[in-house]
Amino acid sequence: MQEKLKNTKGITLVIGDNGLITKSKQGVGEYQTRAEEEKAQLDEFEQGMLENSVDKEAMKILVNSGEDGIVNLPMLRGIYEIEWGDGEIKRSQEEGMIDSRRKIASVTKFKLAEISEENIEHEYKEKNKEYEIKISGTCDGISYHRQNSGAEKILKILQWGETGAVRIDLSNCVNLREIAKPTEKSFKELIYIKFSECTSLTSIPEKLFANCPNVIDFSGTFYGCTSLTSIPEKLFANCPNVTDFSRTFYGCKNLTGSSIKLWSETERKEKGIDENSGGTNCYYGCTKLTDYNEIPRIWKESAE
């Protein structure tokens, strides 16, 4: 059925099953579908470019030398080479140690303490200047888990590389504003990753955790990331072994859109996870989420 509406100038507007308003709504739906298809094609193209990059195996980091000109890299042991971006190169001296540490680290998160750390310091001649650091080879990762460690010098992760990292902790990198999409092999060995207190980080790549089969713990991963505004819908879709989402988005007060359901009923039962535990304080303070009122209380409030 159609109806005709006339204004004072005699213009006729047809509404109904085949009218202009209906067609307009159909047009919006078609536009959204095309936009989604184009985004998917663009993502696929970007991923292809990344996978075919000549030096895709190297990790690349943008830093600022700061007022003192000193940049610290808390490297976990390995056989690697660091190009500091000013012509200087640092090479590790270790050999034959990677495989044994892989076996140690792959058991549980508590074993991560057994992975040795070496703080590598470099002094630039020019102060307050941006440099691109390139890390090639194999290493267990990088870990800014201590406060006042120089983490504020990190500006961007330009490329994750394929170094075989098992631990990445960029906590307290308060000036980190961008993180790259990983390649398919970037996080294959990864069991732990954290960006807590990265207060300048505004977005999360949609497929950041698409290939993290060994990660079981995302507790505190984005703790205190107050500039984050959204969570990719399928961020954890390919992480089947996770049992801990406690404090994952704790204090991310500017998150909008919908929350992510942490486990399906079937997954929860199969993993033996209590209905309320495992996600304690995951969404604490995330009051701008559209479904905040529907989130289980223990996932968003104190357990008390």
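Everything numeric here is computed off the predicted structure, so don't read it as measured data. The analysis underlying the following values was restricted to heavy atoms, covering all of them including side chains, and did not include hydrogens, waters or symmetry mates.
- One finds a salt bridge joining Arg91 and Glu81 here, because a Lys/Arg side-chain nitrogen approaches an Asp/Glu carboxylate oxygen to under 4.0 Å.
- Atom-to-atom distance recorded for Ile82:CD1 and Met59:CE is 10.5 Å, nearest 0.5 angstrom.
- If you look at Phe218 and Phe236, their ring centroids are closer than 6.0 Å.
- Side chain of Ser196 to main chain of Ser171: no donor-acceptor pair is present (N/O by atom type, distance under 3.5 Å, no hydrogens or angles).
- Interatomic distance, NZ of Lys300 versus OG1 of Thr280, reported as 14.0 Å (0.5 Å rounding).
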Stepwise side chain to side chain donor-acceptor pair (under 3.5 Å) check, Glu57 with Ser136: CA-CA 7 Å; Glu57 296 180 356; Ser136 304; over 6 Å; no
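- For Glu67, the CD atom sits in a loose shell: 12 or fewer heavy atoms of surrounding residues, nucleotides or ligands are nearer than 6.0 Å.
- Distance alone, capped at 3.5 Å, is enough to place a donor-acceptor pair between the Asn214 side chain and the Lys188 backbone.
- To the nearest 0.5 Å, atoms CZ (Arg77) and OG (Ser92) are separated by 11.0 Å.
- Applying the side chain to side chain contact (heavy atoms under 4.5 Å, CB included) rule to Ala180 yields the partners Trp160; only residues at least two apart in sequence or on another chain are considered.
- Stacking of Arg247 on the aromatic ring of Tyr223 is not recorded, the 6.0 Å distance cut-off and the 45° axial limit not both being met.
- Contact record, Ser186 with Gly161: OG-O, 2.8 Å, taken as the closest heavy-atom pair.
- Of the inter-residue distances, the one linking Ser203 atom OG with Leu208 atom CG reads 10.5 Å to the nearest 0.5 angstrom.
- Although no hydrogens or angles enter the test, the distance criterion places no donor-acceptor pair under 3.5 Å between the side chain of Asp244 and the main chain of Ile216.
- Distance alone, capped at 3.5 Å, places no donor-acceptor pair between the Ser65 side chain and the Ile70 backbone.
- Both Ile120 and Ile133 are members of a single hydrophobic cluster when ILVMFWY side chains are connected at heavy-atom separations under 4.5 Å.
- Using a 4.0 Å cut-off between charged nitrogen and carboxylate oxygen, Asp55 and Lys60 count as a salt-bridge pair.
- Donor-acceptor pairing under 3.5 Å is lacking for the side chains of His122 and Asn72.
- Using modelled atom types, one finds a donor on one side chain and an acceptor on the other under 3.5 Å when comparing Asn254 with Lys288.
- Glu152 contributes no side-chain N or O that, together with a main-chain N or O of Asn175, makes up a donor-acceptor pair within less than 3.5 Å.
- The CD atom of Glu83 sits 5.0 Å away from atom CD1 of Ile89, with the distance rounded to the nearest 0.5 Å.
- Counting all heavy atoms, side chain and backbone alike, Pro205 lies closest to Lys181 at CB-CG, 4.0 Å.
- Side chain to side chain, Asp291 and Ser259 meet the donor-acceptor criterion of an N or O pair below 3.5 Å.
- The closest donor-acceptor contact from the side chain of Ser227 to the backbone of Leu201 lies at 3.5 Å or more, if one exists at all.
- Enclosure of atom CD in Glu233 is not indicated, since only 12 or fewer non-hydrogen atoms of other residues, nucleotides or ligands lie within 6.0 angstrom.
- Expressed to the nearest 0.5 Å, how far OH of Tyr131 lies from CG of Leu155 amounts to 13.0 Å.
- In this structure, Thr163 contributes its side chain and Thr138 its backbone to no donor-acceptor pair below 3.5 Å.
- Residues Ser200 and Arg177 have side chains that never bring a donor and an acceptor to within less than 3.5 angstrom of each other.
- In this structure, the side chain of Tyr284 does not engage the main chain of Cys252 through any donor-acceptor pair within 3.5 Å.
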